Novice: 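Quick one: the structure is below, and I'll ask about it shortly.
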Amino acid sequence: MMGAAPIIEAQGVDLVFQTADGPVHALKDVNLKVNKGDFVSFIGPSGCGKTTFLRCIAALETPTSGSLKVRGVSAEEARKARSYGYVFQAAGLFPWRTIAGNIRLPLEIMDFTRADRARRVEEVLKLVDLEGFGKKYPWQLSGGMQQRASIARALSFDAEILLMDEPFGALDEIVRDKLNEELLKLWHRTQKTIGFVTHSIPEAVYLSTHIVVMSPRPGRITDVIESPLPRGPRPLEIRDTPEFMAIAQRVREGLHAGHAYEV
Amino acid sequence: MRNILPVLVVCLVIVVLWYGAALWLNAAWVYDQAARAGTQVGFGQLVHDTMTLPRPKLPAPHQVLGGLWDGIFGQSVTSKKSLVYHGWMTLEVTMLGFAVGTLAGLILAIGIVHSRAMDMSVMPWAIASQTIPVLAIAPMVIVVLASVGLKGVIPKALIAAYLSFFPVLVGMVKGLRAPDGLQLDLMRTYNASRTQTLTMLRLPSSLPYLFASLKVGVAAALVGTIVAELPAGASVGLGARLLSGSYYGQTIQIWAALFMAAILAALLVAAIGIAEKVVLKRMGMAR
(Lines give C-alpha, C1' and ligand atoms only; values in the text may rest on other atoms or scores of the structure.)
Protein backbone atom coordinates (compact mmCIF):
# COMPACT_ATOMS: atom_id res chain seq x y z
CA MET A 1 0.00 0.00 0.00
CA MET A 2 3.07 2.21 0.16
CA GLY A 3 1.66 4.66 -2.34
CA ALA A 4 3.05 2.67 -5.27
CA ALA A 5 0.70 2.10 -8.19
CA PRO A 6 -1.20 -1.19 -7.89
CA ILE A 7 0.04 -4.00 -10.14
CA ILE A 8 -3.53 -5.01 -11.01
CA GLU A 9 -6.32 -2.44 -10.98
CA ALA A 10 -9.92 -3.15 -11.99
CA GLN A 11 -12.48 -0.36 -12.17
CA GLY A 12 -16.11 -1.07 -12.94
CA VAL A 13 -15.32 -4.24 -14.89
CA ASP A 14 -18.41 -5.74 -16.52
CA LEU A 15 -18.55 -8.85 -18.65
CA VAL A 16 -21.66 -10.11 -20.39
CA PHE A 17 -21.55 -13.35 -22.36
CA GLN A 18 -24.03 -13.64 -25.22
CA THR A 19 -25.36 -17.19 -25.13
CA ALA A 20 -28.14 -19.04 -26.92
CA ASP A 21 -30.30 -18.57 -23.79
CA GLY A 22 -29.73 -14.82 -23.78
CA PRO A 23 -27.08 -12.65 -22.14
CA VAL A 24 -25.31 -13.94 -19.01
CA HIS A 25 -23.91 -11.34 -16.66
CA ALA A 26 -20.63 -13.01 -15.69
CA LEU A 27 -19.07 -10.00 -13.95
CA LYS A 28 -20.78 -6.86 -12.65
CA ASP A 29 -19.00 -3.72 -11.52
CA VAL A 30 -15.85 -5.41 -10.25
CA ASN A 31 -13.44 -3.03 -8.53
CA LEU A 32 -10.15 -4.31 -7.12
CA LYS A 33 -6.61 -3.18 -6.46
CA VAL A 34 -3.79 -5.67 -6.05
CA ASN A 35 -0.41 -4.45 -4.87
CA LYS A 36 2.93 -5.88 -5.86
CA GLY A 37 3.84 -8.92 -3.79
CA ASP A 38 0.29 -9.63 -2.61
CA PHE A 39 -1.17 -13.13 -2.54
CA VAL A 40 -4.79 -12.63 -3.50
CA SER A 41 -7.32 -15.45 -3.39
CA PHE A 42 -10.65 -15.35 -5.19
CA ILE A 43 -13.26 -17.48 -3.48
CA GLY A 44 -16.91 -18.10 -4.20
CA PRO A 45 -19.33 -20.75 -5.41
CA SER A 46 -19.27 -21.90 -9.02
CA GLY A 47 -20.70 -19.32 -11.38
CA CYS A 48 -19.50 -16.37 -9.30
CA GLY A 49 -17.07 -15.31 -12.00
CA LYS A 50 -13.83 -15.91 -10.09
CA THR A 51 -12.22 -17.85 -12.93
CA THR A 52 -13.69 -15.43 -15.49
CA PHE A 53 -12.13 -12.50 -13.62
CA LEU A 54 -8.74 -14.26 -13.51
CA ARG A 55 -9.05 -14.88 -17.25
CA CYS A 56 -9.83 -11.19 -17.75
CA ILE A 57 -6.62 -10.27 -15.93
CA ALA A 58 -4.80 -12.68 -18.24
CA ALA A 59 -6.59 -11.15 -21.27
CA LEU A 60 -8.00 -14.56 -22.16
CA GLU A 61 -11.43 -12.88 -21.85
CA THR A 62 -12.21 -9.27 -22.68
CA PRO A 63 -14.45 -7.25 -20.35
CA THR A 64 -17.52 -5.72 -22.00
CA SER A 65 -16.89 -2.43 -20.18
CA GLY A 66 -14.78 -0.94 -17.40
CA SER A 67 -11.05 -0.55 -17.09
CA LEU A 68 -8.60 -3.30 -16.23
CA LYS A 69 -4.95 -2.34 -15.91
CA VAL A 70 -2.12 -4.80 -15.34
CA ARG A 71 1.28 -3.30 -14.57
CA GLY A 72 -0.06 0.08 -15.62
CA VAL A 73 -1.13 -0.99 -19.11
CA SER A 74 -4.20 -2.74 -20.51
CA ALA A 75 -4.54 -6.46 -19.79
CA GLU A 76 -4.06 -7.22 -23.50
CA GLU A 77 -0.81 -5.26 -23.65
CA ALA A 78 0.33 -6.91 -20.43
CA ARG A 79 -0.33 -10.33 -22.00
CA LYS A 80 1.69 -9.38 -25.04
CA ALA A 81 4.49 -8.22 -22.75
CA ARG A 82 4.37 -11.67 -21.10
CA SER A 83 3.65 -10.22 -17.67
CA TYR A 84 2.24 -13.31 -16.05
CA GLY A 85 2.53 -17.05 -15.80
CA TYR A 86 -0.78 -18.92 -15.77
CA VAL A 87 -1.43 -22.23 -14.02
CA PHE A 88 -4.58 -23.99 -15.13
CA GLN A 89 -6.84 -26.38 -13.24
CA ALA A 90 -5.31 -29.27 -15.18
CA ALA A 91 -1.55 -29.46 -15.62
CA GLY A 92 -1.95 -29.41 -19.41
CA LEU A 93 1.57 -30.69 -20.06
CA PHE A 94 2.30 -31.63 -23.67
CA PRO A 95 2.56 -35.44 -23.70
CA TRP A 96 5.21 -35.43 -26.42
CA ARG A 97 7.59 -33.30 -24.38
CA THR A 98 9.56 -34.35 -21.33
CA ILE A 99 9.08 -32.45 -18.09
CA ALA A 100 12.13 -30.34 -18.91
CA GLY A 101 10.81 -29.95 -22.46
CA ASN A 102 7.48 -28.70 -21.16
CA ILE A 103 9.16 -26.18 -18.88
CA ARG A 104 11.32 -25.10 -21.81
CA LEU A 105 8.25 -24.46 -24.00
CA PRO A 106 7.64 -20.82 -22.96
CA LEU A 107 11.39 -20.17 -23.05
CA GLU A 108 11.56 -21.43 -26.65
CA ILE A 109 8.56 -19.31 -27.62
CA MET A 110 10.11 -16.26 -25.98
CA ASP A 111 13.48 -16.82 -27.64
CA PHE A 112 15.66 -17.31 -24.59
CA THR A 113 19.20 -18.42 -25.46
CA ARG A 114 19.98 -22.11 -25.24
CA ALA A 115 22.25 -21.74 -22.22
CA ASP A 116 19.73 -19.52 -20.45
CA ARG A 117 16.97 -22.06 -21.08
CA ALA A 118 18.95 -24.91 -19.54
CA ARG A 119 19.84 -22.82 -16.50
CA ARG A 120 16.27 -21.67 -15.92
CA VAL A 121 14.82 -25.16 -16.33
CA GLU A 122 17.21 -26.49 -13.67
CA GLU A 123 16.38 -23.56 -11.41
CA VAL A 124 12.61 -23.92 -11.47
CA LEU A 125 12.78 -27.71 -11.25
CA LYS A 126 14.63 -27.20 -7.98
CA LEU A 127 12.11 -24.57 -6.92
CA VAL A 128 9.18 -27.00 -7.22
CA ASP A 129 11.18 -29.91 -5.82
CA LEU A 130 11.30 -31.92 -9.05
CA GLU A 131 15.06 -32.20 -9.46
CA GLY A 132 16.03 -35.27 -11.47
CA PHE A 133 12.60 -35.58 -13.12
CA GLY A 134 13.45 -33.41 -16.14
CA LYS A 135 13.90 -36.38 -18.48
CA LYS A 136 10.64 -38.09 -17.51
CA TYR A 137 7.50 -37.84 -19.60
CA PRO A 138 4.34 -36.41 -18.02
CA TRP A 139 2.54 -39.77 -17.86
CA GLN A 140 5.37 -41.11 -15.72
CA LEU A 141 4.55 -38.59 -12.96
CA SER A 142 1.72 -38.48 -10.40
CA GLY A 143 -0.99 -35.83 -10.66
CA GLY A 144 0.60 -33.75 -7.91
CA MET A 145 4.01 -33.85 -9.59
CA GLN A 146 2.47 -32.92 -12.94
CA GLN A 147 0.82 -29.89 -11.36
CA ARG A 148 4.15 -28.90 -9.78
CA ALA A 149 5.75 -29.17 -13.22
CA SER A 150 3.07 -26.88 -14.62
CA ILE A 151 3.85 -24.37 -11.86
CA ALA A 152 7.54 -24.62 -12.78
CA ARG A 153 6.57 -23.95 -16.40
CA ALA A 154 4.69 -20.81 -15.34
CA LEU A 155 7.65 -19.65 -13.26
CA SER A 156 10.36 -20.41 -15.82
CA PHE A 157 10.30 -17.07 -17.64
CA ASP A 158 10.16 -15.15 -14.37
CA ALA A 159 7.03 -13.07 -14.96
CA GLU A 160 6.08 -10.71 -12.17
CA ILE A 161 2.61 -12.14 -11.73
CA LEU A 162 1.47 -15.72 -11.22
CA LEU A 163 -2.18 -16.47 -11.95
CA MET A 164 -3.49 -19.80 -10.68
CA ASP A 165 -6.95 -21.18 -11.47
CA GLU A 166 -7.84 -23.83 -8.87
CA PRO A 167 -4.46 -25.47 -9.48
CA PHE A 168 -4.90 -28.05 -6.73
CA GLY A 169 -8.63 -28.65 -7.21
CA ALA A 170 -8.20 -32.10 -8.67
CA LEU A 171 -5.71 -33.33 -6.06
CA ASP A 172 -6.38 -35.15 -2.80
CA GLU A 173 -6.29 -33.36 0.54
CA ILE A 174 -2.88 -34.60 1.67
CA VAL A 175 -1.09 -33.67 -1.55
CA ARG A 176 -2.97 -30.40 -1.54
CA ASP A 177 -1.78 -29.46 1.96
CA LYS A 178 1.79 -30.18 1.00
CA LEU A 179 1.59 -28.19 -2.21
CA ASN A 180 -0.06 -25.27 -0.40
CA GLU A 181 2.79 -25.18 2.09
CA GLU A 182 5.34 -25.30 -0.73
CA LEU A 183 3.52 -22.64 -2.70
CA LEU A 184 3.71 -20.24 0.26
CA LYS A 185 7.46 -20.81 0.58
CA LEU A 186 7.87 -20.34 -3.14
CA TRP A 187 5.87 -17.11 -3.07
CA HIS A 188 7.96 -15.82 -0.20
CA ARG A 189 11.20 -16.67 -1.98
CA THR A 190 10.24 -15.27 -5.39
CA GLN A 191 8.30 -12.19 -4.18
CA LYS A 192 5.76 -12.68 -6.95
CA THR A 193 2.26 -11.30 -7.01
CA ILE A 194 -0.17 -14.22 -7.02
CA GLY A 195 -3.82 -14.38 -8.05
CA PHE A 196 -5.31 -17.66 -6.86
CA VAL A 197 -8.79 -19.00 -7.56
CA THR A 198 -10.20 -21.58 -5.17
CA HIS A 199 -13.47 -22.74 -3.65
CA SER A 200 -11.88 -23.99 -0.46
CA ILE A 201 -12.15 -21.61 2.50
CA PRO A 202 -9.18 -23.08 4.45
CA GLU A 203 -7.00 -22.98 1.36
CA ALA A 204 -7.86 -19.32 0.71
CA VAL A 205 -7.29 -18.27 4.32
CA TYR A 206 -4.10 -20.27 4.70
CA LEU A 207 -2.45 -18.89 1.56
CA SER A 208 -3.58 -15.33 1.12
CA THR A 209 -2.70 -11.84 2.18
CA HIS A 210 -6.03 -10.76 0.72
CA ILE A 211 -9.18 -12.81 0.23
CA VAL A 212 -11.68 -11.64 -2.35
CA VAL A 213 -15.13 -13.09 -1.67
CA MET A 214 -17.38 -13.29 -4.72
CA SER A 215 -21.01 -14.23 -5.30
CA PRO A 216 -22.93 -15.30 -8.39
CA ARG A 217 -25.77 -14.02 -10.61
CA PRO A 218 -24.33 -11.57 -11.48
CA GLY A 219 -20.72 -12.32 -10.55
CA ARG A 220 -19.49 -9.62 -8.19
CA ILE A 221 -17.17 -8.95 -5.26
CA THR A 222 -18.96 -8.92 -1.91
CA ASP A 223 -15.99 -8.58 0.44
CA VAL A 224 -12.22 -8.08 0.37
CA ILE A 225 -10.55 -9.35 3.55
CA GLU A 226 -7.01 -8.36 4.44
CA SER A 227 -5.47 -11.20 6.39
CA PRO A 228 -3.83 -10.42 9.75
CA LEU A 229 -1.82 -13.65 9.50
CA PRO A 230 1.95 -13.18 9.04
CA ARG A 231 3.23 -12.69 5.49
CA GLY A 232 5.61 -15.38 4.39
CA PRO A 233 5.77 -19.04 5.31
CA ARG A 234 3.01 -20.18 7.63
CA PRO A 235 3.01 -23.55 9.36
CA LEU A 236 0.02 -25.75 8.49
CA GLU A 237 -0.89 -25.71 12.22
CA ILE A 238 -1.81 -22.06 11.84
CA ARG A 239 -5.17 -23.39 10.67
CA ASP A 240 -6.02 -24.29 14.28
CA THR A 241 -5.42 -20.79 15.70
CA PRO A 242 -8.28 -18.46 16.70
CA GLU A 243 -7.09 -15.79 14.20
CA PHE A 244 -7.38 -18.28 11.36
CA MET A 245 -10.83 -19.39 12.53
CA ALA A 246 -11.98 -15.79 12.74
CA ILE A 247 -10.99 -15.03 9.14
CA ALA A 248 -12.51 -18.28 7.93
CA GLN A 249 -15.71 -17.31 9.74
CA ARG A 250 -15.73 -13.91 8.03
CA VAL A 251 -15.24 -15.54 4.61
CA ARG A 252 -18.10 -17.92 5.34
CA GLU A 253 -20.36 -15.03 6.32
CA GLY A 254 -19.36 -13.18 3.16
CA LEU A 255 -20.34 -16.18 1.09
CA HIS A 256 -23.67 -16.46 2.88
CA ALA A 257 -24.39 -12.76 2.55
CA GLY A 258 -24.08 -13.18 -1.20
CA HIS A 259 -26.71 -15.95 -1.01
CA ALA A 260 -23.93 -18.14 -2.21
CA TYR A 261 -25.49 -21.39 -1.18
CA GLU A 262 -29.09 -20.82 -2.10
CA VAL A 263 -30.27 -23.79 -4.10
CA MET B 1 1.69 -66.85 -31.08
CA ARG B 2 -1.86 -67.10 -29.80
CA ASN B 3 -2.89 -64.61 -32.50
CA ILE B 4 -1.66 -66.77 -35.34
CA LEU B 5 -4.20 -69.56 -34.93
CA PRO B 6 -7.34 -67.48 -35.71
CA VAL B 7 -5.56 -65.93 -38.70
CA LEU B 8 -4.63 -69.36 -40.03
CA VAL B 9 -8.16 -70.64 -39.51
CA VAL B 10 -9.62 -67.72 -41.48
CA CYS B 11 -7.06 -68.26 -44.26
CA LEU B 12 -7.89 -71.94 -44.40
CA VAL B 13 -11.62 -71.23 -44.63
CA ILE B 14 -11.02 -68.76 -47.47
CA VAL B 15 -8.84 -71.27 -49.37
CA VAL B 16 -11.42 -74.03 -48.97
CA LEU B 17 -14.26 -71.77 -50.11
CA TRP B 18 -12.12 -70.62 -53.03
CA TYR B 19 -11.41 -74.16 -54.20
CA GLY B 20 -15.10 -74.89 -53.90
CA ALA B 21 -15.96 -71.82 -55.97
CA ALA B 22 -13.32 -72.69 -58.58
CA LEU B 23 -14.78 -76.18 -58.91
CA TRP B 24 -18.32 -74.83 -59.20
CA LEU B 25 -17.56 -72.00 -61.65
CA ASN B 26 -15.24 -73.96 -63.93
CA ALA B 27 -17.33 -77.17 -63.98
CA ALA B 28 -19.62 -75.88 -66.75
CA TRP B 29 -16.64 -75.51 -69.12
CA VAL B 30 -15.33 -78.99 -68.32
CA TYR B 31 -18.78 -80.59 -68.81
CA ASP B 32 -19.18 -78.65 -72.03
CA GLN B 33 -15.86 -79.87 -73.38
CA ALA B 34 -16.68 -83.43 -72.36
CA ALA B 35 -20.08 -83.23 -74.05
CA ARG B 36 -18.49 -82.06 -77.29
CA ALA B 37 -15.95 -84.84 -77.16
CA GLY B 38 -18.75 -87.27 -76.31
CA THR B 39 -17.04 -88.45 -73.11
CA GLN B 40 -18.13 -88.70 -69.51
CA VAL B 41 -16.25 -87.05 -66.66
CA GLY B 42 -16.06 -88.65 -63.25
CA PHE B 43 -15.70 -86.60 -60.10
CA GLY B 44 -11.93 -87.13 -59.88
CA GLN B 45 -11.48 -86.05 -63.47
CA LEU B 46 -13.75 -83.05 -62.88
CA VAL B 47 -11.68 -81.86 -59.89
CA HIS B 48 -8.46 -82.32 -61.82
CA ASP B 49 -9.71 -80.50 -64.90
CA THR B 50 -11.33 -77.54 -63.12
CA MET B 51 -8.10 -76.89 -61.25
CA THR B 52 -5.78 -76.93 -64.28
CA LEU B 53 -7.61 -74.97 -66.97
CA PRO B 54 -5.30 -72.50 -68.77
CA ARG B 55 -7.99 -69.78 -68.81
CA PRO B 56 -10.40 -70.61 -66.01
CA LYS B 57 -13.31 -68.40 -65.00
CA LEU B 58 -11.87 -68.51 -61.51
CA PRO B 59 -8.32 -69.79 -61.17
CA ALA B 60 -7.67 -72.02 -58.19
CA PRO B 61 -5.44 -70.61 -55.42
CA HIS B 62 -2.44 -72.73 -56.42
CA GLN B 63 -2.73 -71.47 -60.00
CA VAL B 64 -2.70 -67.84 -58.81
CA LEU B 65 0.25 -68.60 -56.53
CA GLY B 66 1.99 -70.25 -59.48
CA GLY B 67 1.39 -67.20 -61.64
CA LEU B 68 2.59 -64.94 -58.85
CA TRP B 69 5.70 -67.06 -58.29
CA ASP B 70 6.50 -67.15 -61.99
CA GLY B 71 5.92 -63.39 -62.30
CA ILE B 72 8.17 -62.53 -59.38
CA PHE B 73 10.93 -65.15 -59.48
CA GLY B 74 10.54 -66.84 -62.85
CA GLN B 75 11.37 -63.82 -65.00
CA SER B 76 14.29 -61.47 -65.34
CA VAL B 77 13.36 -58.26 -63.49
CA THR B 78 13.64 -56.25 -66.71
CA SER B 79 11.27 -58.53 -68.61
CA LYS B 80 7.83 -57.26 -69.62
CA LYS B 81 6.44 -60.42 -68.06
CA SER B 82 8.01 -59.72 -64.68
CA LEU B 83 5.69 -58.64 -61.90
CA VAL B 84 8.71 -57.13 -60.16
CA TYR B 85 9.23 -54.84 -63.15
CA HIS B 86 5.58 -53.79 -63.38
CA GLY B 87 5.25 -53.58 -59.58
CA TRP B 88 8.27 -51.31 -59.44
CA MET B 89 6.81 -49.02 -62.14
CA THR B 90 3.54 -48.82 -60.22
CA LEU B 91 5.36 -48.25 -56.94
CA GLU B 92 7.34 -45.37 -58.40
CA VAL B 93 4.22 -43.55 -59.57
CA THR B 94 2.40 -44.39 -56.33
CA MET B 95 5.15 -42.90 -54.18
CA LEU B 96 5.36 -39.73 -56.26
CA GLY B 97 1.58 -39.30 -56.27
CA PHE B 98 1.40 -40.09 -52.57
CA ALA B 99 4.06 -37.49 -51.76
CA VAL B 100 2.31 -34.82 -53.84
CA GLY B 101 -1.09 -35.75 -52.41
CA THR B 102 0.16 -35.75 -48.82
CA LEU B 103 1.81 -32.38 -49.28
CA ALA B 104 -1.32 -30.93 -50.87
CA GLY B 105 -3.53 -32.34 -48.12
CA LEU B 106 -1.20 -30.99 -45.46
CA ILE B 107 -1.02 -27.49 -46.93
CA LEU B 108 -4.78 -27.32 -47.49
CA ALA B 109 -5.44 -28.55 -43.94
CA ILE B 110 -3.14 -25.91 -42.47
CA GLY B 111 -4.93 -23.28 -44.56
CA ILE B 112 -8.36 -24.52 -43.52
CA VAL B 113 -7.49 -24.51 -39.82
CA HIS B 114 -6.10 -20.98 -39.97
CA SER B 115 -8.55 -19.30 -42.31
CA ARG B 116 -12.29 -19.29 -41.95
CA ALA B 117 -12.67 -18.35 -45.58
CA MET B 118 -10.70 -21.42 -46.66
CA ASP B 119 -12.65 -23.57 -44.25
CA MET B 120 -15.89 -22.47 -45.89
CA SER B 121 -14.63 -22.62 -49.48
CA VAL B 122 -12.13 -25.49 -49.82
CA MET B 123 -13.83 -28.26 -47.88
CA PRO B 124 -16.99 -28.55 -50.04
CA TRP B 125 -14.84 -28.74 -53.18
CA ALA B 126 -12.58 -31.33 -51.64
CA ILE B 127 -15.59 -33.47 -50.76
CA ALA B 128 -17.15 -32.93 -54.21
CA SER B 129 -13.89 -33.99 -55.86
CA GLN B 130 -14.12 -37.38 -54.20
CA THR B 131 -17.68 -38.02 -55.33
CA ILE B 132 -16.55 -38.11 -58.97
CA PRO B 133 -15.59 -41.70 -59.86
CA VAL B 134 -11.87 -41.81 -60.50
CA LEU B 135 -12.54 -44.24 -63.33
CA ALA B 136 -14.40 -41.43 -65.13
CA ILE B 137 -11.92 -38.67 -64.55
CA ALA B 138 -8.65 -40.57 -65.00
CA PRO B 139 -8.88 -41.04 -68.82
CA MET B 140 -9.79 -37.38 -69.29
CA VAL B 141 -6.83 -36.18 -67.24
CA ILE B 142 -4.52 -38.53 -69.13
CA VAL B 143 -5.85 -37.37 -72.51
CA VAL B 144 -5.80 -33.67 -71.65
CA LEU B 145 -2.30 -33.79 -70.22
CA ALA B 146 -1.04 -35.88 -73.14
CA SER B 147 -2.33 -33.23 -75.55
CA VAL B 148 -0.17 -30.64 -73.83
CA GLY B 149 2.80 -32.95 -74.02
CA LEU B 150 2.75 -34.40 -70.52
CA LYS B 151 3.06 -38.18 -70.67
CA GLY B 152 4.51 -40.97 -68.62
CA VAL B 153 4.85 -40.77 -64.87
CA ILE B 154 3.45 -37.33 -64.05
CA PRO B 155 -0.17 -37.67 -65.29
CA LYS B 156 -0.49 -40.99 -63.47
CA ALA B 157 1.04 -39.56 -60.32
CA LEU B 158 -1.51 -36.73 -60.47
CA ILE B 159 -4.38 -39.22 -60.43
CA ALA B 160 -2.75 -40.96 -57.47
CA ALA B 161 -2.34 -37.61 -55.72
CA TYR B 162 -5.96 -36.76 -56.49
CA LEU B 163 -7.10 -39.81 -54.53
CA SER B 164 -4.58 -39.63 -51.71
CA PHE B 165 -4.81 -35.93 -50.77
CA PHE B 166 -8.32 -36.33 -49.43
CA PRO B 167 -7.77 -38.67 -46.46
CA VAL B 168 -4.73 -36.60 -45.47
CA LEU B 169 -6.76 -33.39 -45.70
CA VAL B 170 -9.64 -34.72 -43.61
CA GLY B 171 -7.36 -36.37 -41.03
CA MET B 172 -5.11 -33.36 -40.67
CA VAL B 173 -7.96 -30.85 -40.31
CA LYS B 174 -9.18 -33.00 -37.44
CA GLY B 175 -5.65 -33.47 -36.09
CA LEU B 176 -4.65 -29.81 -36.24
CA ARG B 177 -7.84 -29.01 -34.33
CA ALA B 178 -7.11 -31.69 -31.73
CA PRO B 179 -5.49 -29.35 -29.14
CA ASP B 180 -8.02 -28.51 -26.42
CA GLY B 181 -8.98 -25.06 -25.15
CA LEU B 182 -6.53 -25.25 -22.27
CA GLN B 183 -3.54 -25.95 -24.51
CA LEU B 184 -4.51 -23.13 -26.88
CA ASP B 185 -5.07 -20.73 -23.94
CA LEU B 186 -1.64 -21.71 -22.62
CA MET B 187 -0.03 -20.68 -25.91
CA ARG B 188 -1.97 -17.40 -25.72
CA THR B 189 -0.61 -16.65 -22.26
CA TYR B 190 2.88 -16.91 -23.77
CA ASN B 191 1.78 -14.61 -26.61
CA ALA B 192 2.92 -17.33 -29.02
CA SER B 193 2.66 -16.53 -32.73
CA ARG B 194 0.43 -18.58 -35.04
CA THR B 195 3.49 -20.24 -36.50
CA GLN B 196 4.77 -21.19 -33.06
CA THR B 197 1.35 -22.55 -32.10
CA LEU B 198 1.35 -24.56 -35.33
CA THR B 199 4.81 -26.04 -34.96
CA MET B 200 4.90 -26.52 -31.20
CA LEU B 201 1.30 -27.53 -30.50
CA ARG B 202 -0.91 -28.25 -33.52
CA LEU B 203 1.51 -30.34 -35.59
CA PRO B 204 2.72 -32.59 -32.75
CA SER B 205 -0.90 -33.08 -31.61
CA SER B 206 -1.92 -34.08 -35.13
CA LEU B 207 0.69 -36.81 -35.62
CA PRO B 208 -1.48 -39.78 -34.60
CA TYR B 209 -4.15 -38.51 -37.04
CA LEU B 210 -1.52 -37.99 -39.73
CA PHE B 211 -0.33 -41.59 -39.62
CA ALA B 212 -3.88 -42.94 -39.73
CA SER B 213 -4.53 -40.76 -42.80
CA LEU B 214 -1.27 -41.75 -44.45
CA LYS B 215 -2.23 -45.42 -44.30
CA VAL B 216 -5.52 -44.72 -46.08
CA GLY B 217 -3.79 -42.26 -48.43
CA VAL B 218 -1.07 -44.62 -49.61
CA ALA B 219 -3.60 -47.34 -50.41
CA ALA B 220 -5.68 -44.78 -52.30
CA ALA B 221 -2.58 -43.64 -54.21
CA LEU B 222 -1.93 -47.22 -55.31
CA VAL B 223 -5.51 -47.62 -56.54
CA GLY B 224 -5.23 -44.27 -58.34
CA THR B 225 -2.02 -45.34 -60.04
CA ILE B 226 -3.43 -48.64 -61.25
CA VAL B 227 -6.58 -46.96 -62.58
CA ALA B 228 -4.44 -44.31 -64.30
CA GLU B 229 -2.31 -47.02 -65.94
CA LEU B 230 -5.33 -48.46 -67.73
CA PRO B 231 -5.99 -45.63 -70.20
CA ALA B 232 -2.31 -44.60 -70.40
CA GLY B 233 -1.65 -46.92 -73.30
CA ALA B 234 -1.29 -49.73 -70.80
CA SER B 235 2.37 -50.36 -71.44
CA VAL B 236 3.86 -50.55 -67.95
CA GLY B 237 2.62 -51.09 -64.43
CA LEU B 238 0.30 -53.53 -62.69
CA GLY B 239 -2.64 -51.77 -64.36
CA ALA B 240 -1.11 -52.74 -67.70
CA ARG B 241 -0.89 -56.38 -66.60
CA LEU B 242 -4.56 -56.27 -65.58
CA LEU B 243 -5.57 -54.75 -68.90
CA SER B 244 -3.55 -57.11 -71.12
CA GLY B 245 -4.76 -60.00 -69.01
CA SER B 246 -8.36 -59.03 -69.66
CA TYR B 247 -7.72 -58.54 -73.42
CA TYR B 248 -6.50 -62.08 -73.79
CA GLY B 249 -8.67 -63.72 -71.17
CA GLN B 250 -5.60 -64.49 -69.07
CA THR B 251 -7.43 -64.77 -65.77
CA ILE B 252 -4.42 -66.20 -63.97
CA GLN B 253 -2.39 -63.18 -65.04
CA ILE B 254 -5.13 -60.83 -63.79
CA TRP B 255 -5.33 -62.51 -60.43
CA ALA B 256 -1.56 -62.62 -60.06
CA ALA B 257 -1.36 -58.89 -60.78
CA LEU B 258 -4.16 -58.24 -58.29
CA PHE B 259 -2.30 -60.16 -55.63
CA MET B 260 0.88 -58.29 -56.46
CA ALA B 261 -1.02 -55.02 -55.95
CA ALA B 262 -2.39 -56.28 -52.65
CA ILE B 263 1.09 -57.30 -51.48
CA LEU B 264 2.42 -53.89 -52.48
CA ALA B 265 -0.37 -52.13 -50.57
CA ALA B 266 0.25 -54.29 -47.50
CA LEU B 267 3.97 -53.50 -47.60
CA LEU B 268 3.33 -49.77 -47.95
CA VAL B 269 0.83 -49.68 -45.09
CA ALA B 270 3.17 -51.77 -42.95
CA ALA B 271 6.06 -49.38 -43.68
CA ILE B 272 3.94 -46.45 -42.50
CA GLY B 273 2.97 -48.46 -39.43
CA ILE B 274 6.64 -48.95 -38.58
CA ALA B 275 7.36 -45.25 -39.14
CA GLU B 276 4.44 -44.43 -36.86
CA LYS B 277 5.76 -46.66 -34.08
CA VAL B 278 9.25 -45.21 -34.33
CA VAL B 279 8.10 -41.59 -34.39
CA LEU B 280 5.55 -41.91 -31.59
CA LYS B 281 8.05 -43.79 -29.47
CA ARG B 282 10.68 -41.12 -29.95
CA MET B 283 8.08 -38.54 -28.97
CA GLY B 284 7.32 -40.43 -25.79
CA MET B 285 3.71 -40.96 -26.88
CA ALA B 286 3.84 -44.73 -27.12
CA ARG B 287 3.78 -46.36 -23.71
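Fair warning: this is a prediction, and the values are worked out from it, not measured in the lab. Throughout, a chain's letter reflects where its sequence line sits, starting with A, and its residues are numbered from 1.
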Novice: Considering only heavy atoms, which portion of A59(A) lies under 4.5 Å from any heavy atom of chain B: side chain, backbone, both, or neither?
Specialist: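 When you check distances to chain B, only backbone atoms of A59(A) fall under 4.5 Å.
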Novice: For the candidates L186(B), D180(B), L207(B), which exhibits the highest count of non-hydrogen atom pairs separated by less than 4.5 Å from chain A?
Specialist: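 It is L186(B).
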Novice: Do other residues, nucleotides or ligands put more than 12 heavy atoms under 6.0 Å from the CG atom of L135(B)?
Specialist: no
Novice: Side chain, backbone, both or neither: which part of E61(A) has a non-hydrogen atom closer than 4.5 Å to chain B?
Specialist: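 Contact with chain B is absent: no heavy atom of E61(A) under 4.5 Å.
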Novice: Evaluate whether atom CD1 of I127(B) has more than 12 neighbouring non-hydrogen atoms of other residues, nucleotides or ligands under 6.0 angstrom away.
Specialist: yes
Novice: Kindly compute the distance separating OG (S205(B)) from CH2 (W96(A)), expressed to the nearest 0.5 Å.
Specialist: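 Rounded to the nearest 0.5 Å, the OG-CH2 separation comes to 3.0 Å.
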Novice: Please find the pair of heavy atoms, one from I109(A) and one from M200(B), that lie closest to each other, and give the distance.
Specialist: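 In this case the closest contact between I109(A) and M200(B) is CG1-SD, 3.6 Å.
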Novice: Is chain A contacted by the side chain of L201(B), its backbone, both, or neither, given a heavy-atom distance below 4.5 Å?
Specialist: both
Novice: Between G92(A) and L182(B), which heavy-atom pair has the shortest distance, and what is it?
Specialist: CA-CD2, 3.8 Å
Novice: Between Q196(B) and E108(A), which heavy-atom pair has the shortest distance, and what is it?
Specialist: NE2-O, 4.4 Å
Novice: Okay, side chain of R82(A), backbone of Y190(B): is any donor-acceptor separation there less than 3.5 Å?
Specialist: yes
Novice: Between S193(B) and chain A, with a heavy-atom cut-off of 4.5 Å, which part of the residue counts as in contact: side chain, backbone, both or neither?
Specialist: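 Neither part; nothing is under 4.5 Å.
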Novice: Rounded to the nearest 0.5 Å, what's the gap from CZ on R55(A) to OG1 on T189(B)? Could you check?
Specialist: 10.5 Å
Novice: Is R119(A) atom CZ crowded by more than 12 heavy atoms from other residues, nucleotides or ligands, each under 6.0 Å away?
Specialist: yes
Novice: Taking every non-hydrogen pair under 4.5 Å, which of R153(A), R97(A), R79(A) racks up the most with chain B?
Specialist: R79(A)
Novice: Just verifying a value: how many Å separate M283(B) CE and F94(A) CZ, rounded to the nearest 0.5 Å?
Specialist: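 That separation rounds to 11.0 Å.
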Novice: For residues R282(B) and Y137(A), report the shortest heavy-atom separation together with the two atoms involved.
Specialist: O-OH, 3.6 Å
Novice: Do M187(B) and L105(A) pass the side-chain contact (heavy atoms from CB on, under 4.5 Å) test, and can you show the C-alpha distance, the side-chain angles, and the key distance before you say yes or no?
Specialist: CA-CA 9 Å; M187(B) 296 303 268; L105(A) 175 74; 4.1 Å; yes
